[in-house]
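Contents: one structure, followed by commentary.
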Amino acid sequence: MPTIKINYEDLVGLIGKSFEPNKIKEVLPNAKCNVESIEGNIWILEVTSDRPDHFSSEGIARTLKGLLGVEEGLRKFESKISKVEVIVDESVKSIRPFIMSAVIDDLKLNDESIVQMMQLQDKLHDGIGQRRKLVSIGTYDLDKLGRRIFYKVMKLKDIVFVPLGYKTEMNGKEILDLTEQGKKFRNIIPNDVAPILEDERGNILSMPPIINGEQSKVTENTKNIFIDVTGLSKVRVEDALIVLSTSLCERGGSIEWVKVIEKNTGNVTLPNDKNKDLKITSKDIKENLGLELENNKIIKLLKSVRFEANLVDDEILVKVPIYRRDVFSNVDIIEDVAIAFGYNNLTPESFLMKTIGKPSEKKMLERKAKLVMIGMEFQEVVTPFLCSIERANNWNYNSESKVIELENPSIEGYESVRPSLIPGLLNSIRYSAHASLPHRVFEVGRVAIVMNSKIHEFTNIAAAISDDKVDLGEGHMRLFWFIKSMTGNEPKLEAFSFDKFIEGRSARIKVKDSLVGIIGEVNPENLLREGIRNPTVVWELNLEELLGSASTFFK
Amino acid sequence: MSSPELSLIQRKILNFLLRTKEAKLSELAKELNVTQEGLFSVAETLKNLGLLKIEEIEERFLKLTKEGKLYLEQGLPERRIVNLVGKDREIDINSLYKLGLSKEEIAIGLKWIKEKGWGYIQKGKLIVNKVPEIGEDEKTIQLFNNTESIKENSKVEKVAEILIRRNLITVEVKKDGAVQLTKKGEEEAQKLEKIVSEPQEIKIISSYDVLSGEWKKKKIKKYNLEAKPRKYYGGAFHPYYSFEEKVREILVGMGFEESDGPFIEPEFWVFDVLFQRQNHPARELFDTYRLKNLKTSLKSIENVKIVKELHEKTYGEAWSEDVASRLVLRGQTTCVSVRFLFERKKPPIKMFVISDVFRSDVIDATHHIQFKQIEGIMGEYGVTFRHLLGILDEFYKKVGFTEIRFVPSYFPFTEPSVEIIAKHEKLGWIEMGGAGMFRPEVLKAVSVNFPVAAWGLGFDRLAMVALGIDDIRKLRTINLSELRGE
């Protein structure tokens, strides 16, 4: 979930009424904002990804106003159609097809509001924008621009302007090569061309999604802001534009939607700023929340979470504010009713249901296996499902299987899925170097491999004995007892050589004609490589193969 | 193999054999003053240790029957009759009675006289050719003059057979064993030779002591009750699993049945069915582990089309089956819940999972890449959000928390969504996990038409609190010293 930084004084200023920090802290969870830390006036909040309108203090203040009773009901936004126009060239179609735009008039900006605006842009870029790939936003001082803005694609070498934060002109290629943003986001656009915004005077405003121009940057003296949102998803472009515009308006100012005109066809598009209408009934509330509420009470609750709500023929007609991009159906409104009512005012209730509780058969068989091992004085260990590629390949003893690797490992030593439990047991013995001998450990756990280009996930059991003197016989007798007590059958050993074992001291384990595992004395060279000083014998069995289908849920 | 310490009697056997090279168990028993039966099992143990060779021997002993004993004293009936015949070599059969022989003895005697060819009967008279020499059978009976039993040998075998048939002799079979040291046993015996002497005060009573009654003669040292026991570590469950069992027991007791699914899943079950929008940060590589170059086919899954429609309709963006078929390590166990619902489809449903999930992360005191979740669903017509809170309340009270609170939260697959925080005496309020009512889109995706309450709670956090561990890495320790409390 995203974390954002707000200024308490600024927040209270936006709410328009003074509240103690404790009061604010008390209601923030009902806006799904979690206070992570507080340092002076700076509050770090964890917000939820479904509410991009909470990515800056303006939107949070708007929600809190309702929860604190300062201002309830629907926040309406007066809007006009701007005189500014965006003309879209066909060349953007295959590169970054969508653009939407707005102008915010008569703003009074200060340092904090610019910080919040930048934060909101950043969080929108990261979240719904997928780090600018799907959506990117530019803001400009409108008074430094012409009124006709062209959105088109140009060759990199022909794009020349002073990028934001720089003093000299650069061409498109230099911007990609030399600026930080260029290096970071260049993979989103092609190699040789880039989309740009240019006004009728031929000034290049920006090169979305990479960087804006220095010339038209927003400062605290800016009165009117021009916003462009470009991207690959029309829905997300609209989401971002509406969230940003409505947030900026919380500091005074009004919205003008900008016509986006297709150059070829003359088709005009504007953002949809109509409030979504939904209908709910008190029956819906009862069915979902188990709460019987009068219509009036529901309407009152809805208003406190900033919906418009009116009773029309026994149904409540709800108007959803346009910045609420997370409301898809009735349940989304019902949750807000529950929040307004207070989750902790909802008394927990029990539901009588005729069911029979039972542990899974598989887990019970695993438990039985564990008990047999414990009876033989083995200690259970629990080791990770992931291990290093080297270990995985070392212990992938089935010649037909391949090791599964992660595309995106996050830590060295955990790059692949274990094909065997043995490396984990050896690791345990290595980490137990100071524990008195003998070391008898076992694990029941999952392994996975690729066989015939299909994923196979198994539950295995493996055991290791490491002692001053230990041989295959020590392992063999316990293996024999384990299989005998689990299945009633007696295992047979079959010659098997594997380079991690001593030649002539390893075998495949066979029970009634099916191969169920392996056993061996670990090759001393390999022991030393694993950091183990005592002779060690290991065995591993596929529990599902051994016990039959009852132990599996993989089809 | 490490050779276990040998008992006194075992050492004595080795010692004896070192001198005699070979011996019978019966001899050994006599020598060591123990019963042969007791000795047999001791020898068997030595044999299993590879120190002895035992060859089983069966010996047959002959013994006189009651009748045989009588004839040893009086002679065989045929001999007695022949001895009574006078010089004229004939005798009236009826007169034999007068001479003190019983009817049976006369009958047996006459039968054998005929059989042995000593004489014949003519007109009521027995006619004997000459006084016959003492036969082998008679000599054999005489052998029992000084002894109770005779070992059967080739010399007596043939005669014995007749005597056995005449029921004068019976055979008794005795088992014995010829024992001999193996090469290993010889080495061991040589090593031990010096230390066969018996201690005056004994710490350990050996099986020899028990069998021979020697223990009564010895002074047994008192055990020092103050002494620390010798180091010993038995087998045990891992505490992490023990706690899992405890949670399982609580949930089973609350009427839930257990399920689980694969760790490796297509994104379809992990995200798409759960209404997680494609191209969402949560689906990004920095959160979820994805498998390299591996995909699966969703062809056999019947609800793919429904999911595609739901996504495209609600989110207004194209839904990609290709993205949904990428394979990941599941980041939550909710995929098990939706799979379960899709399979079961009919209420009432109360299901739980305690199993592993994976997040691309770092490993430190508070983060791990693998941990467990306690997942649960409750589905039935009439189930509401308040029932969900009721189940959570009951569960945490059973686990041992007296106070829990519910905080609004967000999950793409539930609405309303709630986060549970519980009060701990020392640690204060702790985040426990998330819950909610499955969204209608999720229920549609698995073809279910009744409400389903769902939750996914942190197992590791709970285990840490219960086990008093403050570093998540210690929760799954693999160090035997720590596990044994050494």
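This structure is a prediction, so every number in the text was calculated from the model and none was measured. First the proteins, then the strands, lettered A, B, ... as listed; each starts at 1.
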Looking only at B:Gly382, B:Pro451, B:Gly253, the option with the highest number of non-hydrogen pairs under 4.5 Å against chain A is B:Gly382
Among B:His368, B:Lys231, B:Glu419, B:Glu257, the residue with the most heavy-atom pairs under 4.5 Å to chain A is B:Glu257
Least distance between heavy atoms, [X] atom then [Y] atom:
X: B:Gln278; Y: A:Arg236; answer: O-NH2, 2.8 Å
X: B:Ser360; Y: A:Asn408; answer: OG-O, 4.3 Å
X: A:Val235; Y: B:Glu317; answer: CG2-CG, 4.3 Å
X: A:Glu380; Y: B:Tyr241; answer: OE1-CB, 3.4 Å
X: B:Tyr240; Y: A:Val382; answer: CD2-CG1, 4.2 Å
X: A:Val331; Y: B:Glu415; answer: O-CG, 3.2 Å

Show your reasoning for whether side-chain contact (heavy atoms from CB on, under 4.5 Å) applies to B:His280 and A:Ser49.
CA-CA 9 Å; B:His280 187 275; A:Ser49 60; 3.5 Å; yes
Which atoms of [X] approach chain A - backbone, side chain, both or neither, heavy atom under 4.5 Å:
X: B:Asn279; answer: both
X: B:Arg476; answer: both
X: B:Leu251; answer: neither
X: B:Val383; answer: both
X: B:Asp361; answer: backbone
X: B:Ser417; answer: both
X: B:Pro348; answer: both
X: B:Phe256; answer: backbone
X: B:Phe411; answer: neither
X: B:Thr314; answer: both

The interface call for A:Thr347 against chain B, heavy-atom contacts under 4.5 Å, is both
Turns out that what part of A:Val441 lies under 4.5 Å from chain B's heavy atoms comes down to side chain
Ion pair [X]/[Y], N-O distance below 4.0 Å:
X: A:Asp332; Y: B:Arg439; value: yes
X: B:Lys292; Y: A:Glu405; value: yes
X: B:Asp260; Y: A:Arg446; value: yes

Salt bridge (Lys or Arg N to Asp or Glu O under 4.0 Å), that's the test. Do B:Glu258 and A:Lys363 meet it? Break it down for me.
CA-CA 9 Å; B:Glu258 188 175 24; A:Lys363 286 277 157 71; 3.8 Å; yes
Between the side chains of B:Glu394 and A:Ser350, does any donor sit under 3.5 Å from an acceptor?
no
**OP:** Assess the side chains of B:Tyr289 and A:Ser410: does a donor N or O sit below 3.5 Å from an acceptor N or O?
**Re:** yes
Is there a donor-acceptor contact under 3.5 Å from the side chain of [X] to the main chain of [Y]?
X: A:Gln379; Y: B:Leu483; answer: no
X: A:Glu457; Y: B:Ile264; answer: yes
X: B:Glu486; Y: A:Ser436; answer: yes
X: A:Asn344; Y: B:Phe406; answer: yes
X: A:Glu335; Y: B:Pro416; answer: no
X: A:Thr355; Y: B:Gly255; answer: yes

Roughly how far, to the nearest 0.5 Å, is [atom2] of [Y] from [atom1] of [X]?
X: A:Ser432; Y: B:Glu482; atom1: OG; atom2: CD; value: 8.5 Å
X: B:Met437; Y: A:Leu289; atom1: CE; atom2: CG; value: 9.0 Å
X: A:Glu349; Y: B:Leu388; atom1: CD; atom2: CG; value: 12.0 Å
X: B:Leu480; Y: A:Tyr431; atom1: CG; atom2: OH; value: 13.5 Å

Decide yes or no for [X] and [Y]: does some side-chain heavy atom of the first lie under 4.5 Å from some side-chain heavy atom of the second?
X: A:Tyr414; Y: B:Ile363; answer: yes
X: B:Val418; Y: A:Tyr343; answer: yes
X: A:Leu291; Y: B:Thr384; answer: no
X: A:Arg440; Y: B:Tyr233; answer: no

query: Parallel, tilted or perpendicular: which describes the rings of B:His387 and A:Phe351, with under 30° parallel and over 60° perpendicular?
result: perpendicular
- prompt: Under the salt bridge (Lys or Arg N to Asp or Glu O under 4.0 Å) criterion, do A:Glu407 and B:Arg326 qualify, and how do the steps go?
  reply: CA-CA 11 Å; A:Glu407 184 181 328; B:Arg326 293 188 302 213; over 6 Å; no
Most heavy-atom pairs under 4.5 Å with chain B, out of A:Asn288, A:Thr383, A:Ile339, belong to A:Asn288
So salt bridge (Lys or Arg N to Asp or Glu O under 4.0 Å) across residues 425-439 of chain A, not counting sequence neighbours, yields none
Sorted by chain and number, sequence neighbours left out, side-chain hydrogen bond (donor to acceptor under 3.5 Å, both in side chains) with A:Lys286 holds for none
